[in-house]
Number of protein chains: 2
Amino acid sequence: MESRCESCIIRQFNSLRAMSKEELKKVSDSKVTKSIKKGEPIFEEGEKLDGVYCIRNGISKLSKLSANGKDQIVKLASKGDVIGQRSVVAEENVNLSAVAVSDMEVCFIPKEHIVSTLQTNPNFTLEVLRHMAHDLKEADDVVVNMSQKNVKQRVAEAFLYLKSNYGEDEDGFLTLTLSREDISNVVGTAVESCIRIISEFKKKGFLKTSGKKIGIIDERALKELAEGF
Amino acid sequence: MESRCESCIIRQFNSLRAMSKEELKKVSDSKVTKSIKKGEPIFEEGEKLDGVYCIRNGISKLSKLSANGKDQIVKLASKGDVIGQRSVVAEENVNLSAVAVSDMEVCFIPKEHIVSTLQTNPNFTLEVLRHMAHDLKEADDVVVNMSQKNVKQRVAEAFLYLKSNYGEDEDGFLTLTLSREDISNVVGTAVESCIRIISEFKKKGFLKTSGKKIGIIDERALKELAEGF
DNA sequence: CAAAAAACATGATATTTATCAATTTTTAAT
DNA sequence: ATTAAAAATTGATAAATATCATGTTTTTTG
């Protein structure tokens, strides 16, 4: 039931692929697989993490809560992503909370193995570094989008992102269904504003909905809108 | 005149301190020191960099220009910071432009030396990784601030940041004088809105100005405002 | 130093976005 | 299946922010 890291395909997508056989064996022997139900937390902002979580299945939101109750989602993490890595590397408490937005399966890897491999295997360290460099660019892009695009453009982008990253089902609805509140928290806007924009996009024939499910009808129109035409 | 990296104090503040003597010698032999005048670019968004820049003196803004002409400043880099590192690590073109906001002195270090050290010296790689982990956290914080705080709060934060990072002169004015436009581009707002807020802060006795110079009078008030009281 | 350019400042107004209130729909629980 | 709770929706309105216009000050340049 508990599969071995050595034979885990997920590994191909993240920095663990740069580990040696022996390193991987240690990781595999000490890892703990956990099931997390939609809505449950993996870790909370401010906690001290004893390891990282490698996502085998499902999707998690990484977010930060403000004093006034607003929760900004900074990133969505899914299959192959390793979360908690930043704080383990920096030896700091986590700065974001991770909550499952779909049922998940994750492997907890104690930090000793990560840290010792970081200190001795430059390939692994470089691989982690490359991933982090990529995350940093993405974070910078988000900053720029937040300030240079208006809410309508950001909502359009969010749906394009959801489609290109998580795909759509046979009926053309986005595979990952987020609540309107979560969408608002990705976009950084009030729920009502977000809903109004979704309604507008529906009227214009850009989107379709069925319950909380959302499907993209006119991708080109959304792209043009997001780019500012 | 051209000093050696081995004896450069700046090094203590960045990841170069993790280099061995031999590695550092190669860097020192191949580095090129450049003077950059206020307003001049170090590199531009989209360029392919052949190395990184280690800042010896002065301050640079890292920003991204949008189609509609808005320029969002993502980060200010100063003494000891190494810029261009992210794109060298990720082997990508730079995603941000770097322009001097004060006269600068930088050392250009060809990327071969960085890359080869990354591949062989895990201490160095780990050190770079730690720095990048820190930058990533900061970028995430900026995202959260942009969405959870209003313009007034972000302007207040900007001045507190400028004071705590670059200090003030004997007359109590911020050492780093940015144009109103640059401040707006840090905060992510229209120049006029930014100016109005500065005027308001002056009226309330939080700030003083003299030409384009700005001084903080009531730091506590700014802090409280930024935190949302 | 004078003229021109750039940066700063303020008012009037338009636009965007948030908030509050109320209703409907969907989901979850018994 | 029925009811309670949660989520989604819409309208009315307020607040925040951007834009446009115009005047003033500061800086730069010949």
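As the structure is a prediction and not an experimental result, all values here were calculated from the model. No hydrogens, no waters, no symmetry mates; every other heavy atom, side chains included, goes into these values. Note on naming: letters A, B, ... go to the chains in the order of the sequence lines (proteins, then strands), and numbering restarts at 1 for each one.
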All N/O donor-acceptor pairs, side-chain side in residues 211-218 of chain A, below 3.5 Å, sequence neighbours left out:
residue: A:D218; atom: OD1; partner: A:R220; partner atom: N; Å: 3.4
residue: A:D218; atom: OD1; partner: A:A221; partner atom: N; Å: 3.0

Would the distance check show the side chain of [X] and the main-chain N or O of [Y] forming a donor-acceptor pair, the cut-off being under 3.5 Å?
X: B:K152; Y: B:I197; value: no
X: B:R154; Y: B:V187; value: yes
X: B:R56; Y: B:C107; value: no

For nucleotides 2-9 of chain D, tabulate all protein N/O to nucleotide N/O atom pairs closer than 3.5 Å, reporting atom names and distance.
residue: D:dA8; atom: OP1; partner: A:R180; partner atom: N; Å: 3.2
residue: D:dA8; atom: OP2; partner: A:R180; partner atom: N; Å: 3.3
residue: D:dT9; atom: OP1; partner: A:R180; partner atom: NH2; Å: 3.3
residue: D:dT9; atom: OP2; partner: A:R180; partner atom: NE; Å: 2.6
residue: D:dT9; atom: OP2; partner: A:R180; partner atom: NH2; Å: 3.3

inquiry  = With each end axis built from five pairs of C1' atoms, what bend angle do you get for the helix from C:dC1-D:dG30 to C:dT30-D:dA1? Round to 10°.
reply    = 50°

Side-chain donor-acceptor pairs under 3.5 Å in residues 69-79 of chain A, sequence neighbours left out?
residue: A:D71; atom: OD1; partner: A:S63; partner atom: OG; Å: 3.2
residue: A:D71; atom: OD2; partner: A:S63; partner atom: OG; Å: 3.1
residue: A:Q72; atom: OE1; partner: B:S147; partner atom: OG; Å: 2.8
residue: A:Q72; atom: NE2; partner: A:N185; partner atom: O; Å: 3.2
residue: A:Q72; atom: NE2; partner: A:V186; partner atom: O; Å: 3.2

query = Rounded to the nearest 0.5 Å, how far apart are CD of B:E92 and CZ of B:R86?
reply = 4.5 Å

request  = Working to the nearest 0.5 Å, report the span between SG of B:C54 and CG of B:L16.
outcome  = 5.5 Å

query = Got a sec, which pairs hit ring pair (Phe, Tyr, Trp, His ring centres under 6.0 Å) with one end in residues 73-109 of chain B, sequence neighbours left out?
reply = B:Y53-B:F108

ask   = Which pairs count as ring pair (Phe, Tyr, Trp, His ring centres under 6.0 Å) when at least one residue sits in residues 177-221 of chain A, sequence neighbours excluded?
value = A:F201-A:F206

Can you check the [X] [atom1] to [N] [atom2] distance for me, whole Å?
X: A:K213; N: C:dT26; atom1: NZ; atom2: C1'; result: 13 Å
X: B:F201; N: C:dA9; atom1: CZ; atom2: P; result: 14 Å
X: B:I214; N: C:dA7; atom1: CD1; atom2: P; result: 15 Å
X: A:K70; N: D:dA16; atom1: NZ; atom2: P; result: 14 Å
X: A:N68; N: D:dA16; atom1: CG; atom2: P; result: 13 Å

remark   = B:K203 meets the side-chain contact (heavy atoms from CB on, under 4.5 Å) criterion, sequence neighbours left out, with none

ask   = Residues from residues 141-154 of chain A sitting under 4.0 Å of DNA chain C, heavy atoms only?
value = A:N150, A:V151

note = For residues 174-196 of chain B, the salt bridge (Lys or Arg N to Asp or Glu O under 4.0 Å) pairs (sequence neighbours left out) are B:K61-B:D182

request  = Could I get the full list of salt bridge (charged side-chain N to carboxylate O under 4.0 Å, His left out) partners for A:E168, not counting sequence neighbours?
outcome  = A:K163

message = Could you work out, with ring pair (Phe, Tyr, Trp, His ring centres under 6.0 Å) as the rule, every residue matching B:Y166, not counting sequence neighbours?
response = none

Close N or O pairs between protein and nucleotides 12-15 of chain C (under 3.5 Å):
residue: C:dA12; atom: N6; partner: B:R196; partner atom: NH2; Å: 3.3

ask   = Does B:S193 have a side-chain nitrogen or oxygen under 4.0 Å from the phosphate oxygens OP1 or OP2 of D:dA16?
value = no

